[in-house]
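Per chain, numbering begins at 1; letters A, B, ... match sequence-line order.
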Number of protein chains: 2
Amino acid sequence: MTDTFVSNPSFFKLDATLKKLRNYWQKEFDAKQKDITVDQWLLIENLYKHKKTTHNELARNTSKDITTISRIIELLVKKGLVKREADSLDRRKVYLQLTPEGVDKYKDVKPMVHEMRKVGWKTLSEKDYNELTRILDTIYANVP
Amino acid sequence: MTDTFVSNPSFFKLDATLKKLRNYWQKEFDAKQKDITVDQWLLIENLYKHKKTTHNELARNTSKDITTISRIIELLVKKGLVKREADSLDRRKVYLQLTPEGVDKYKDVKPMVHEMRKVGWKTLSEKDYNELTRILDTIYANVP
DNA sequence: TAGCAACAGTTGTTATAGCAACTATTTTGC
DNA sequence: GCAAAATAGTTGCTATAACAACTGTTGCTA
């Protein structure tokens, strides 16, 4: 591993790519008046897959801070897309799940997300995808 | 390009990796009481390299919104690390440059940044780095 | 079983991200 | 020349990120 390449700004490149993707997604959401943010979408997607989870599980699944989850969920509840349900045995726990409107939102937005995911990859191969996954997983594992 | 791999969450992985890196850097900065954030560091690094730039140039160089630049610079000015200087010809323009304290901060923090950059890459090769760069650049170019 | 640690979640605060609207200049087009 | 457009930067607002401190609940253990 040479010095020059270590000094190269991969942090910057990750950041720039992620911002480009996030802005693209958000502009498409706004253009089609989906009335959600990218991160709100990520929680909706996760709640659709897991049906019934706690704040903690959602935080782990999405790589988000639990305080951030708490605040995004608050917004989704206000929008009527998510409902909270207290655990009858452990009164500290609150289960989260999509409302019927939340499920509708998922089904409404899902196709355009699928198309947008294709856009970033249109000139890349499955091998590229596996390489990216491998490298990012390795960096993730290397960092304390 | 198969459907399954398109639906895989590369967005999520980028986000998670970047957060891991950012949190690691921030914790190291805090532990050694450098009294800066990761993004403040990125601006300092950029100002050290370019000596004298405008808000606009800095925004382009760092892939940050110009309003974000404006606010981070405000914090750096308050800390005495950056100074603003009006252009004598075009009174709309403000040049930014590091103060002597800003240069000291750069030289103080630079070595640990260099070490931290190594940490993420310790089990990866230069070929991996080139692959990551190529793939991220391609995604960046693919996204409108 | 009393006390305390651990756990689940919320709230306060500061920072970054981005859009819209704004001021103040400079440039352009006629 | 002068009005309109473009440019440089700031401010207001909402959202996400993360830490610290907080409430309330449950589990552990001396």
TODO: Look through every strand shown and name the nucleotide pairing with C:dC4 as Watson-Crick or G-U wobble, where both distances are under 3.5 Å.
DONE: D:dG27
TODO: For B:Thr123 and A:Asn142, test the side chains for any donor-to-acceptor distance below 3.5 angstrom and give the result as yes or no.
DONE: yes
Open item on the list: Can you measure A:Arg84 atom CZ to C:dA8 atom P for me and round it to whole angstrom units?
Closed with: 17 Å
Open item on the list: I'd like to know if the side chain of A:Thr99 reaches the main chain of A:Gly80, judged simply by a donor and an acceptor atom lying under 3.5 Å from each other, with no hydrogens or angles considered.
Closed with: yes
- [ ] Measure from the side-chain heavy atoms of A:Lys19 and tell me the nearest of D:dA17, C:dT10, C:dG18.
- [x] C:dG18
Open item on the list: Counting primed atoms plus P, OP1 and OP2 as sugar-phosphate and everything else as base, spell out the protein contacts along nucleotides 3-8 of chain D at 4.0 Å heavy-atom distance: B, S or - for each nucleotide, 5' to 3'.
Closed with: ---BBS
Task: Distance-only donor-acceptor check, side chains B:Gln26 and B:Asp30, under 3.5 Å - done: yes
TODO: From the options D:dT25, D:dT16, C:dT10, select the nucleotide whose nearest atom is closest to the side chain of A:Thr67.
DONE: C:dT10
TODO: Return the 5'-most residue of the pair A:Asn23, B:Lys79 with respect to DNA chain C, ranking by each residue's nearest nucleotide.
DONE: B:Lys79
Task: N or O in side chain of A:Lys64 less than 4.0 angstrom from D:dA17 OP1/OP2 - done: yes
Open item on the list: Treating A:Gln97 as the side-chain partner and A:Tyr48 as the backbone partner, does any N or O pair qualify as donor plus acceptor under 3.5 Å?
Closed with: no
Task: Residue pair B:Thr133 / B:Asn130, side-chain donor-acceptor N/O under 3.5 Å - done: no
Open item on the list: Under 3.5 Å, is there a donor on one side chain and an acceptor on the other for B:Thr37 and B:Asp39?
Closed with: no
TODO: Tell me which nucleotide among D:dT16, C:dG18, C:dC19 gets nearest to the side chain of A:Lys27.
DONE: C:dC19
Task: For atom NZ of B:Lys20 and atom P of D:dA18, their distance in whole Å - done: 12 Å
Task: A:Lys34 backbone acceptor or donor facing A:Lys105 side chain under 3.5 Å - done: yes
TODO: Describe the nucleic acid contact of B:Ile69 in one word from base, sugar-phosphate, nothing, applying a heavy-atom distance below 4.0 Å.
DONE: nothing
- [ ] Round to a whole Å and report the spacing from OH of B:Tyr24 to P of D:dA18.
- [x] 17 Å
TODO: Under 4.0 Å between any heavy atoms, over every strand shown, what does B:Thr37 touch: base, sugar-phosphate, or nothing? Just pick one.
DONE: sugar-phosphate
Task: Donor-acceptor pair present, B:Arg71 side chain and C:dG18 base, under 3.5 Å - done: yes
- [ ] Calculate the interatomic distance between A:Glu74 atom CD and C:dG12 atom P; express it in whole Å.
- [x] 12 Å
TODO: Under 4.0 Å between any heavy atoms, over every strand shown, what does A:Leu89 touch: base, sugar-phosphate, or nothing? Just pick one.
DONE: sugar-phosphate
Task: Nucleotide of C:dA17, D:dT11, D:dA18 approaching A:Asp15 most closely (side-chain heavy atoms) - done: C:dA17
Open item on the list: Tell me the interatomic distance from B:Arg22, atom CZ, to D:dT16, atom P, rounded to whole angstroms.
Closed with: 16 Å
Open item on the list: Go nucleotide by nucleotide along DNA chain D from the 5' end; which of A:Leu75 and A:Arg91 gets its closest nucleotide reached first?
Closed with: A:Leu75
TODO: Round to the nearest Å and state the distance from A:Leu43 atom CG to D:dT16 atom P.
DONE: 8 Å
Task: Lys/Arg-Asp/Glu bridge criterion (N-O < 4.0 Å) met for B:Arg71, B:Glu74 - done: no
Open item on the list: Base, sugar-phosphate or nothing for A:Gln40? Non-hydrogen atoms, less than 4.0 Å.
Closed with: sugar-phosphate
Open item on the list: Rounded to whole Å, how long is the line connecting atom CG of B:Asp35 with atom P of C:dT14?
Closed with: 14 Å
Task: Between P of C:dA8 and CG of A:Leu96, the distance in whole Å - done: 13 Å
